[in-house]
Protein chains: 2
Amino acid sequence: MTEPRWLTDEEQRTWRAYLHATTLLEDHLDRQLQRDAGMPHVYYGLLVQLSQAPRRRLRMTELAKSAKITRSRLSHAIARLEKSDWVVRENCPSDKRGQFARLTDEGMEVLRRTAPGHVAAVRQAMFDRLSAEQMTQLGEIMRVMAEGLEPSGPDADLPWLR
Amino acid sequence: MTEPRWLTDEEQRTWRAYLHATTLLEDHLDRQLQRDAGMPHVYYGLLVQLSQAPRRRLRMTELAKSAKITRSRLSHAIARLEKSDWVVRENCPSDKRGQFARLTDEGMEVLRRTAPGHVAAVRQAMFDRLSAEQMTQLGEIMRVMAEGLEPSGPDADLPWLR
DNA sequence: GACTCGTTCTTGAAAGTTGAACTACATAGG
DNA sequence: CCTATGTAGTTCAACTTTCAAGAACGAGTC
């Protein structure tokens, strides 16, 4: 095994700043939403996805994919959200294995009530502090990073071809 | 209640790119470390912190602070790491309430063995894909964001003065 | 039909996390 | 010394996530 390429000093500083900022922000949003909406950030994200889908519903697998969580995790999450009456399951007529998760009116109402506070938190943490230039740069950087990590990324399905 | 300031289109795109990239990366590192080192990213971070501390040990509270997790979570985490013999607890002579977490030789060895792979993963996900300029920008952006979220941030201790 | 294989989603147990309550010690003021 | 108050760390119960099955259906093949 050959000597690994370690990070330069500046790379290390950047990496630590990244870890620091992202964990602080995730914590902040989790607490904010837990307090104001009674659910963690991930669950809130599920409701948002549903609210934007046609007929406010999505197949479980699609929802899992767009929220980047496993189907198992989603099953539990939807079960929990069903208990709060924010989501209901519906059978899929065309595929008897399939399930839709549909946002209820109560769920929609929770979103309406809590979205402003959430947006404010995001804005305060990010956009109020970054220049317009920095926002653009951040967007570009994040897109580049995501590209390299995409499950459907470069040869992700064909590693044996490399 | 007044109409909230929603995000502009570009802000939304940036925010989504951010969420997308950060969750993908965190997932990626978690899997990589779980596979190669047998522990999640947070736990790995604890070992790294310890490895860099004098005498490879830290007080629980300090470790919790530098890893940005609660003391409760740290208690459980250290208990788990103790079972793998990567960390041991030691009493603090000067403060009988205190505990040190100390990295064992086995723990150090795990780090030595797995650090190269981890660095490679970070590099591949981030630094191999960003230009030198972008890396600098990212560092600056993350520092700005962290500043605003710092527990010891602007008036965090004196909110009643605002 | 019967077989195989893949997909969709769920389940249950184990592991991890959280917030509050709790123990034990430290520190300051009378 | 004594009491009050604060700090270090753990523990408990409730909740969330992961992991390893597994049940049920779809689709292709013979």
Side-chain angles (χ1 to χ4, degrees), chain A residues 23-24 26-47 57-84 86-102 151 157, chain B residues 23 26-35 37-47 57-84 86-102 151 157:
Chain A
T23 65
L24 283 181
E26 185 56 23
D27 272 26
H28 183 64
L29 295 183
D30 256 341
R31 281 176 217 294
Q32 186 262 323
L33 283 171
Q34 190 68 58
R35 176 167 48 81
D36 298 347
M39 64 188 133
H41 190 200
V42 192
Y43 288 30
Y44 182 88
L46 295 177
L47 298 194
R57 60 181 210 175
L58 282 172
R59 287 287 295 271
M60 295 294 277
T61 296
E62 291 195 50
L63 182 50
K65 246 183 276 183
S66 73
K68 288 168 271 302
I69 63 178
T70 62
R71 284 190 303 266
S72 170
R73 185 176 175 182
L74 182 61
S75 273
H76 291 295
I78 293 296
R80 197 272 215 186
L81 291 171
E82 246 183 331
K83 277 190 200 161
S84 311
W86 294 335
V87 167
V88 287
R89 282 179 222 248
E90 287 174 357
N91 293 324
C92 176
S94 65
D95 186 338
K96 289 187 183 174
R97 297 166 303 181
Q99 289 278 102
F100 285 102
R102 186 170 63 75
D157 294 332
Chain B
T23 65
E26 184 57 21
D27 272 26
H28 184 63
L29 294 184
D30 257 342
R31 281 177 216 295
Q32 187 261 319
L33 282 172
Q34 190 68 59
R35 176 167 49 81
M39 63 189 134
H41 190 200
V42 192
Y43 288 32
Y44 181 88
L46 295 177
L47 298 195
R57 60 181 209 176
L58 282 173
R59 288 287 294 271
M60 295 295 277
T61 297
E62 291 196 53
L63 182 50
K65 246 183 276 183
S66 74
K68 286 167 272 301
I69 63 179
T70 62
R71 285 188 304 257
S72 170
R73 185 176 177 182
L74 182 61
S75 273
H76 293 293
I78 294 296
R80 198 271 217 185
L81 290 172
E82 247 184 330
K83 278 190 200 161
S84 312
W86 295 334
V87 168
V88 286
R89 282 179 224 249
E90 286 174 354
N91 293 323
C92 176
S94 65
D95 186 338
K96 290 187 182 174
R97 297 166 303 179
Q99 290 276 102
F100 285 102
R102 186 171 61 76
D157 295 331

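Labels below follow one simple rule: chain letters A, B, ... track the order of the sequence lines, proteins then strands, and each chain is numbered from 1. Heavy-atom basis, side chains included; hydrogens, waters and symmetry copies ignored.
Residues Gln99(A) and Asn91(A) form a side-chain contact, since some pair of their non-hydrogen atoms from C-beta on lies under 4.5 Å apart.
Applying the salt bridge (Lys or Arg N to Asp or Glu O under 4.0 Å) test to Arg31(A) and every residue at least two apart in sequence or in another chain returns Asp27(A). Residues forming a ring pair (Phe, Tyr, Trp, His ring centres under 6.0 Å) with His28(A) (at least two apart in sequence, or on another chain): none.
Residue pairs meeting the side chain to side chain donor-acceptor pair (under 3.5 Å) criterion with at least one partner in residues 71-82 of chain B, sequence neighbours excluded, are Glu82(B)-Arg89(B).
Secondary-structure annotation of DNA chain C gives the stems C:1-30 with D:1-30, with a stem taken as at least 3 successive Watson-Crick or G-U pairs whose two distances both fall under 3.5 Å.
Residue Ile78(B) contributes atom CD1, which lies 16 Å from atom C1' of dT11(D) at whole-angstrom precision. Between the CE atom of Met60(B) and the C1' atom of dT11(D) there is a distance of 13 Å, given to the nearest Å. Distance CZ (Arg89(B)) to P (dG9(D)): 10 Å, rounded to an integer number of Å. A straight line from NE2 of His41(B) to C1' of dT18(D) spans 18 Å, rounded to a whole angstrom. In this entry the distance linking OH of Tyr43(A) with C1' of dC15(D) reads 8 Å, nearest Å. Here dT17(D) presents its C1' atom at 6 Å from CZ of Arg73(A), a figure rounded to the nearest Å. dG9(D) atom C1' lies 16 Å from atom CD of Glu90(B), rounded to whole Å. Leu74(B) has its CG atom 13 Å from the P atom of dA8(D), to the nearest Å.
Taking each heavy atom of Ala101(A) and Leu63(A) in turn, the nearest pair found is CB-CD2, 4.3 Å. Looking at every heavy atom in both residues, Ala77(B) comes nearest to Leu46(B) through CB-CD1, 3.8 Å. Across every non-hydrogen atom of Phe100(A) and Pro93(A), the tightest pair is CE1-CD, 4.3 Å. Taking each heavy atom of Arg59(A) and Cys92(A) in turn, the nearest pair found is NH1-SG, 3.4 Å.
A close approach under 4.0 Å does not occur between any side-chain nitrogen or oxygen of Arg71(B) and OP1 or OP2 of dG9(D).
The CE atom of Met39(B) lies 8.0 Å from the OG atom of Ser84(B); values are rounded to the nearest 0.5 Å.
The backbone N or O of Pro40(A) sits nowhere less than 3.5 Å from a side-chain atom of Asp30(A) that would complete a donor-acceptor pair.
With a 6.0 Å radius and a threshold of 12 heavy atoms from other residues, nucleotides or ligands, Lys65(B) has its NZ atom at or below the threshold.
Both Arg80(A) and Ser94(A) lie close to DNA chain D; mapped to their nearest nucleotides by heavy-atom distance, the more 5′-ward contact belongs to Arg80(A). Nearest-nucleotide mapping onto DNA chain D: of Pro40(A) and Gln34(B), the residue sitting toward the 5' end is Pro40(A).
Side-chain atoms of His76(A) come within donor-acceptor range of the base of dT18(D), with a qualifying N/O pair under 3.5 Å.
Among the protein residues, Thr61(B) comes within range of the sugar-phosphate backbone only, with heavy atoms under 4.0 Å from sugar or phosphate atoms but none that close to a base. Residue Arg35(A) is out of contact with every strand shown, counting any heavy-atom pair closer than 4.0 Å.
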**Item:** Contact pattern, 5' to 3', of nucleotides 20-25 of chain D - B, S or - by protein heavy atom under 4.0 Å
**Value:** ----BB

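Here the range on DNA chain C touched by chain A, meaning any atom under 4.0 Å from one of its heavy atoms, is dG6(C) to dG19(C).
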